[in-house]
Each structure stands twice: as structure tokens, then as C-alpha cells.
Amino acid sequence: MKLGIVGLPNVGKTTLFNALTHANAAATAYAYTSAESNHGVVAVPDPRLDRLDEVLETPKKVNATIDVVDIAGLAEGASRGEGLGNRFLADIRGVDAVAHVLRAFANPEVAHVRETVDPRADVELVETELVLGDLELVERRVDKARKAARSGDKAAQRELATLEALVAALEQGRLARAVERHADDASLFRELALVSDRPVLFVLNTDDGVGAAEALATHAGFVEWARGRGDQVVAVAARLEAELADLEPEDAAEFRAELGADEGGAIGVFLRAAYEVLGYITFFTGDFRSSESRAWQLPRGWTAKQAAGRIHSDIEHGFVRAQVVNIDDLIALKSFHAAREKALLRTEGKEYVVQDGDVINFMHTG
């Protein structure tokens, strides 16, 4: 699961990346100076896993992770290769979802590509470049499909019709993800890997000490617009979070209290929202005989057999059944035995759709 951090130059992308990964990547106050993308892995905090580990007394716990890419800032004209446009578009095609960072801070020492703080205008500039980049790619594919369609190839004719409808939408400035599609078109869209087809999480990067609720209220018009089109919005004081990430948890909590910052930090809120945008849930494994308690990410709607494959292909192939209990019930009862006595430990088959918070023990052959 890979999340790309994007946005205009100097909106705080690298600072957010550092807050997430503790990587201390270089962040500058000047536009267009970051040429390389930064890559890192983020452990997703989950208090449920912490409590499960305490109950099961396993030797270690393993959090689910998200791969994060801090993509170089986008310049106007990127779709034509301006600035680092070609690299930007190539990098964003490799991610599953986008965290679009927007400037909501007023620091005059950090260069800004426009004179005012205007998140919606920033979104429109970036998305225009994404749509134009996609349009160029799809138009090239149309030329190829048209030649094949002339020969009477039915599949090519269907593909051409889909591509021509997509071109028309992109020419109107619509994002690829907003274009209706038939189930049979899924493989074509996967192959195209259009950058405006990625799900998006908007991140308002606020001034230090500005709480999330205050930031969202200040930009209420933008939040309403974004949510109206189906996108989530979170607020993060990225510079503050990057500084707190280097402290011990107790010291960070004390510092937050002194500053009046959101208790627990905005990074956890951000990561949970990223999970939602990516369409993932979390299931858990572990029992008293296990060497670890572990959280696993899983696409929403996947079955128990598919979940087994996340652990090991041999477990999926030899799947027999799954023993399932909700993590809150297991924590409250403190054992699988007690959960079984309360009829809360269930036996499920391979077609069972895994729910967020399931603790699963897989029975398998081999």
C-alpha cells in the first residue's frame, strides 16, 4: 500500500513526510529546490493492537505499515514537462492514493507560489496539470486503438469508445476518477494508471499550535466543497508534528499540552483517514502460543481466504476454516477460551468477509 504526498512547492510535503517517517529529509524555504522523491515506511498506530499485545502477552507486536513517497513539488506547466513535471507525473503513477498537502499557514519566511493562502485555488492548479497529463496519455492510446478498431476488432472498438468518452471528460477538466465506467473497463483503467484516477486525501498544513477543529472551521468553505465531491479533509501542523516526532512519547504529550495542541497528535488522524481513502481495514492475528501480535491491512470486502494469503500463500492454499472474534470482545474477556464460552468466538469459512477489528486464527493444511 503506497501513499504519495503531493502538492505545490513549499506547502509542507517534506515536513509532513518527516513527521510520518522520522526521516529528517531536507526541507527548504524556496520553491523548486527538491528534485528527488523521498521514500519511507510508516507504522500505523493502533491502540487496539497495543491492548491486544498486553492481553496476549506476546513477545512482540507488529503494526501495519504504509509506504509513503514524498513527491517533488508540482509546477504550473508540469503536464508539458515544465519544472520537474515529467518526474512528478511518473512518481504519482506509482502510488495507490494521494495525500494532497495544501498551504494553510501564513509563515512569510517560506516562499509561496501565490500571494494568498487559497487551498481551493491550489487544488485547481494541481488538478489541472494532472488532467492535462492524463489527456495527453489517453490521446496517444486513442490513436493506437483507432487503428486496431478499423480492422473490425470488437475489443478494440469497445476500448476506443471508452477512450473517446474519457478524452471528452478530461477535455472538460473532469478528473478521471469522476468518469463513469463499466466493470469490463477495469483492466483498461489499471493499465492506463491515470494520475487523476487516484483517491485523494486533502491535508491542510496549519500554523503551529492551531488545532485541527480551528483550522477546518477557518477553511469551512473549502472543507464543504471537498467533502461535497467525496474527498476527506484533515488538518495537520506538519512542522510541529515533525518536531514532536523526535521526542519521547511522554515528552511529546507534555509539549502538546503546553502548546494547547490536539491530544494524541494529528498524525494518527491523518493515517486513519489515509486508510479510509485507500479502502483498507485492519484485522489482527495472535494468541497465547504466538510469537507476536500483529495488525494486517486488507482491502475492504476481502474474504477470510484472501486474508490468509496476506500472511502466507501456503495458508491461503491450504485454508480450512477461520476462528474469528472481535478484538474488543477478546480484550474485554482476556482469552479465546472465555470468548468461546460466551459464543463470541466463531468458526467461519473461506467466503466470510473480514470485518475491521477481527482477530483471526487460520486453520490450514500443510
* **Polar side-chain atom of S151 near backbone of K147 as donor-acceptor pair, under 3.5 Å** => no
* Asked: For R48, does the CZ atom have more than 12 heavy-atom neighbours from other residues, nucleotides or ligands under 6.0 Å away?
  -> yes
* To do: Start with the C-alpha gap between D143 and R146, add the side-chain angles, then the distance that decides, and say whether salt bridge (Lys or Arg N to Asp or Glu O under 4.0 Å) holds.
  => CA-CA 5 Å; D143 292 338; R146 186 172 288 128; 3.7 Å; yes
* Asked: Are any side-chain N or O atoms of D134 and backbone N or O atoms of V195, one a donor and one an acceptor, separated by less than 3.5 Å?
  -> yes
* Asked: Is a donor on one side and an acceptor on the other found under 3.5 Å between the side chain of D67 and the backbone of V41?
  -> no
* **Atom NZ of K61: over 12 foreign heavy atoms under 6.0 Å** => yes
* Asked: Hey, mind stepping through H364 and D314 against side chain to side chain contact (heavy atoms under 4.5 Å, CB included) and telling me if it holds?
  -> CA-CA 9 Å; H364 60 96; D314 289 348; over 6 Å; no
* **Qualifying residue for side-chain contact (heavy atoms from CB on, under 4.5 Å) with D70, from T14, V6, L16** => T14
* With a cut-off of under 6.0 Å to the ring centre and 45° to the axis, is R181 in cation-pi contact with F189? -> yes
* Shortest non-hydrogen separation from G4 to I71 and the atoms involved -> CA-CD1, 4.2 Å
* Tell me, which pairs form a salt bridge (Lys or Arg N to Asp or Glu O under 4.0 Å) where one or both residues lie in residues 206-228, sequence neighbours left out? -> D208-R239
* Under 3.5 Å donor-acceptor, K13 side chain and L8 backbone -> yes
* Asked: If you group Ile, Leu, Val, Met, Phe, Trp and Tyr by side-chain heavy-atom gaps below 4.5 Å, do L298 and L3 land in one group?
  -> no
* Test I5 against every option in L20, V69, T15, N38 by the side-chain contact (heavy atoms from CB on, under 4.5 Å) rule and name the one that passes. => L20
* To do: Verify, without hydrogens or angle tests, whether D358 (side chain) and I360 (backbone) share a donor-acceptor contact under 3.5 angstrom.
  => no
* Kindly compute the distance separating CG (L49) from CH2 (W296), expressed to the nearest 0.5 Å. => 12.0 Å
* Asked: Are the side chain of R93 and the backbone N or O of A193 linked by a donor-acceptor pair below 3.5 Å?
  -> yes
* Side-chain touch V126/D122, heavy atoms, less than 4.5 angstrom -> no
* Asked: Is there a salt bridge (Lys or Arg N to Asp or Glu O under 4.0 Å) between R272 and E276 once you walk through the steps?
  -> CA-CA 6 Å; R272 287 191 292 275; E276 287 293 320; over 6 Å; no
* Asked: Do D231 and H100 come close enough that some side-chain heavy atom pair is under 4.5 Å?
  -> no
* To do: Look only at the side chain of N205 and the backbone of A104, and say whether a donor-acceptor pair between them is shorter than 3.5 Å.
  => no
* To do: Keeping the roles fixed (side chain from Q297, backbone from T65), state whether a donor-acceptor pair exists under 3.5 Å.
  => yes
Quiz: residues 333-341 side-chain donor-acceptor pairs under 3.5 angstrom, not counting sequence neighbours:
{"residue": "S335", "atom": "OG", "partner": "A338", "partner atom": "N", "Å": "2.9"}
{"residue": "H337", "atom": "NE2", "partner": "E341", "partner atom": "OE2", "Å": "3.1"}

* To do: Would you mind reporting whether E159 and K144 have side-chain heavy atoms less than 4.5 Å apart?
  => no
* **Straight-line distance of T206 OG1 to L102 CG, nearest 0.5 Å** => 12.0 Å
